[in-house]
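Values below: every heavy atom of this structure, side chains too, minus hydrogens, waters and symmetry copies.
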Amino acid sequence: MHQCYRDLLRAVSLMFCSTIAFADDTAPWPYPQDVPESRPLSTGLAGEQPVDISRFLLSRGVSQTHINAQGTHVAYISTITGTRQLWVKPLDGGPAIQVTFGNGISFYHWHPDGNRLLYGADNNGNERPAFYLISRDGLQEQLVLDHSAAFRQFGQFDASGNLFTYASTERNGRDFDIYRHDLRSGQSTMIYQAKFGFYPAAWQPGTANILVTETRGEDANDVHVLNTANGNLRALYQPDVAASFSDFNWSKDGKTLYFVSNLEREMKTVFQYDSESEITKPVFELDSDSDSDIDSLHLCNNKTQLVSTVNKDGFNELFITSLDGKRDLSTSLSGEPGVLSVSCAASKDIIAVQKSSPSSPGEIITFNAKTNNVVPVVSATLAGIDPSTLVQPEVITFPARDGVTVQGLLYLPKNTTKAVPLVVDVHGGPTSQARPSWQPLTQYLAGKGIAVLDINVRGSTGFGKTYARLDNQEKRLDSVRDLVDALGYLQDDPRIDTNNAAVMGGSYGGYMVNAVMGLYPQAFKAGASFVGVSDWVRALQEASPDLKASDRIEYGDIREPKWQAFYAENSPINTVDNIIAPMFFEHGANDPRDPVTESDRMVRILRDKGQDVTYLRFPDEGHGVSKLENRVTFYRALADFLERHLMSKDQ
């Protein structure tokens, strides 16, 4: 009790001092030079080496590809106009049509009729979307749910397409309750009042039931069955050891559920649940010593085949499994390995596959599961960049000082004859994974003679349940130490100059940069933090509702004195005075996840002590930079910063 009391006093003391020191956080930002101004676009000449950064940003691919249920059209998001817009392309060979316009969209889903799509769009990155329903030709559109102060997450349409579910915080601004919306009447009805994070998933055919997931940390959830008619909720999966459940697919008769989980195991695989016997079992097992994960699952070809993607070191393979137990590896997807996402038609054997790789920003093919016929649908464009000049990563692993094995993807410049500078790139999440997808800045830096290590510190996904939880709560700083251990390992690599290294990262990766630069000030020559946390106490208290729902387990419940004391002591704002290297910061003023004041405070302190700081504070962005003109400004400034501090004049 006395220790808890001392911890509480320490936390209150630190937070009080923090409040005094930064009482003007709500005042207008006093450095107008930090608000970026758009400048004329300059691309350099085609074929010129090194390639100008703008060409990497102007390279165009697709994301979030989905085929409609009828197998006649494929939809996707493209940034070819400079913002994220919805496009639809018929699979009979007709041209693609841009369906949405404006500031850009955040998500979309096909309506079951295959003729309409529901999409969400927020205001300049505030992550509070309105919902719209639009025809696939873009000629008819209606507002379904208007903008509000609430956060929303779409669930799923029912079979008729008249109803859909979604989660929303509109009741109290914190808890995600479950709603059902009727497109015929335009009315929404709360069908379950929740606490923290409950999200609707798949409708069970022939019943009034929907699956509901309840957040249980960053990498896990529980599963419930909600009767939408009477509001009764019953638990389906609440394991003692938290597990991940996703990609729910019901059989036609609604009796068998297929899903992806790491229930009672390290790695994810495909399970099936029999609703009559209530027996759960794996559909198939990967090799007993496999360190591969199942990434995604779809029930395809008139619900007779399971199509899954397998993740090995971040690279995907496509598997097709017929429900009679036969399992075949698809070998028809040629080209370099990368990251795959899949969707399939409800009643046809057509599978739409989206592929991103180090040399492709994202392309779409269709794949016939019976004939193995592959048809290109949407190709990526590289803005005049020769793909042969792009770098493929090599997988590296190394032991951290406590014996934990850490993995990363190392991008080395081509044709180098001496040790090159290094940038360690830290992904967000933390429950995410560095993967071999299109990375514009990575390719640009490699072209300039700088190596990039895209690192998967402990806490990353794709390497098992235990690894993903090695940074939870009191273990938070162990993952920060992994960045320094990466330099120690690479010291013995003659290709890398670890004395000439920088670290960069966004979101949680931005926190990692803020932390390592203060805790290990001699390790890196420069640091670049984007939308990163500096004060965990305030960040966890003011986090968006979606994050609060998972933060309690990943970080600890910040309402408790124990965690207030821990994070009051172990936040980057308390070690910022130790930073001696030049720093680069970027933040959007509309960020609902990590408030812009998280970077503001770091910048103020460093500038007050005369530190070299570059800051881009975008007034029209949120938790990321989405607008093309802002992306060009951001990446050009970041590239200039890294080159200035890592490249000697003769390099």
Side-chain angles (χ1 to χ4, degrees), residues 61-65 219 244 246-247 260 262 266-270 284-287 289-298 306-321 327-343 351-365 367 372 374 380 387-388 390-398 405-412 414 424-429 431-443 446 451-465 467-468 486:
V62 302
S63 63
Q64 297 185 31
T65 298
D219 67 325
S244 169
S246 65
D247 296 69
V260 175
N262 53 10
E266 277 293 313
M267 310 304 291
K268 296 177 185 177
T269 193
V270 178
F284 57 78
E285 296 279 4
L286 297 173
D287 296 337
D289 61 347
S290 174
D291 54 0
S292 299
D293 253 344
I294 299 293
D295 263 352
S296 65
L297 176 70
H298 297 271
L306 292 172
V307 178
S308 57
T309 54
V310 176
N311 176 345
K312 169 69 172 176
D313 282 326
F315 296 84
N316 276 142
E317 290 181 313
L318 183 68
F319 283 88
I320 300 175
T321 308
R327 177 168 174 249
D328 296 312
L329 169 64
S330 170
T331 58
S332 300
L333 302 182
S334 60
E336 69 177 19
V339 179
L340 306 177
S341 64
V342 174
S343 68
I351 301 169
V353 180
Q354 175 190 302
K355 179 180 178 182
S356 174
S357 69
S359 63
S360 173
E363 58 190 10
I364 304 172
I365 63 168
F367 177 78
N372 286 349
V374 174
S388 68
L390 301 177
V391 174
Q392 304 300 314
E394 62 179 74
V395 177
I396 68 166
T397 60
F398 63 90
T405 299
V406 180
Q407 186 257 22
L409 302 177
L410 180 62
Y411 295 79
L412 283 167
K414 293 186 174 182
V424 178
D425 190 2
V426 194
H427 63 69
T431 49
S432 184
Q433 184 182 11
R435 306 194 63 182
S437 58
W438 176 247
Q439 305 287 346
L441 182 61
T442 295
Q443 294 293 344
V452 177
L453 175 61
D454 209 354
I455 191 170
N456 284 305
V457 295
R458 69 189 73 198
S460 302
T461 54
F463 306 95
K465 185 188 302 183
Y467 191 79

Are the side chains of [X] and [Y] in touch, meaning some heavy atoms are under 4.5 Å apart?
{"X": "W438", "Y": "P358", "result": "no"}
{"X": "L453", "Y": "Y411", "result": "no"}
{"X": "L412", "Y": "E394", "result": "yes"}
{"X": "V307", "Y": "L297", "result": "no"}
{"X": "I294", "Y": "T309", "result": "no"}
{"X": "V395", "Y": "F315", "result": "yes"}
{"X": "M267", "Y": "S292", "result": "no"}
{"X": "N311", "Y": "F463", "result": "no"}

Identify the two heavy atoms, one from [X] and one from [Y], that lie closest to each other, and give their separation to 0.1 Å.
{"X": "V457", "Y": "V406", "answer": "CA-CG1, 4.2 Å"}
{"X": "K268", "Y": "D293", "answer": "N-OD1, 2.5 Å"}
{"X": "G362", "Y": "A380", "answer": "O-CB, 3.7 Å"}
{"X": "S357", "Y": "P337", "answer": "CB-O, 3.8 Å"}
{"X": "V353", "Y": "L340", "answer": "CG1-CD2, 4.1 Å"}
{"X": "S460", "Y": "H427", "answer": "OG-NE2, 2.8 Å"}

*Could you list the residues that satisfy side-chain hydrogen bond (donor to acceptor under 3.5 Å, both in side chains) with S360, not counting sequence neighbours?*
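Checked S360 against side-chain hydrogen bond (donor to acceptor under 3.5 Å, both in side chains); zero matches.
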How far does [atom1] of [X] sit from [atom2] of [Y], to the nearest 0.5 angstrom?
{"X": "I320", "Y": "I351", "atom1": "CD1", "atom2": "CD1", "value": "4.0 Å"}
{"X": "D313", "Y": "I396", "atom1": "CG", "atom2": "CD1", "value": "11.0 Å"}
{"X": "L390", "Y": "K414", "atom1": "CG", "atom2": "NZ", "value": "7.0 Å"}
{"X": "L318", "Y": "F367", "atom1": "CG", "atom2": "CZ", "value": "6.5 Å"}

Within the side chain of [X], is there an N or O that forms a donor-acceptor pair under 3.5 Å with the backbone of [Y]?
{"X": "Q443", "Y": "V391", "value": "yes"}
{"X": "K465", "Y": "S244", "value": "no"}
{"X": "D247", "Y": "V260", "value": "no"}

Test item: side-chain donor near acceptor, [X] and [Y], under 3.5 Å:
{"X": "E336", "Y": "Q392", "value": "yes"}
{"X": "N456", "Y": "Q407", "value": "yes"}
{"X": "S437", "Y": "Q439", "value": "yes"}
{"X": "H298", "Y": "S343", "value": "no"}

*Check step by step if salt bridge (charged side-chain N to carboxylate O under 4.0 Å, His left out) holds for R435 and D295.*
CA-CA 12 Å; R435 306 194 63 182; D295 263 352; 3.0 Å; yes
*Residues K312, D291: salt bridge by 4.0 Å N-O rule*: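 Salt bridge present between K312 and D291.
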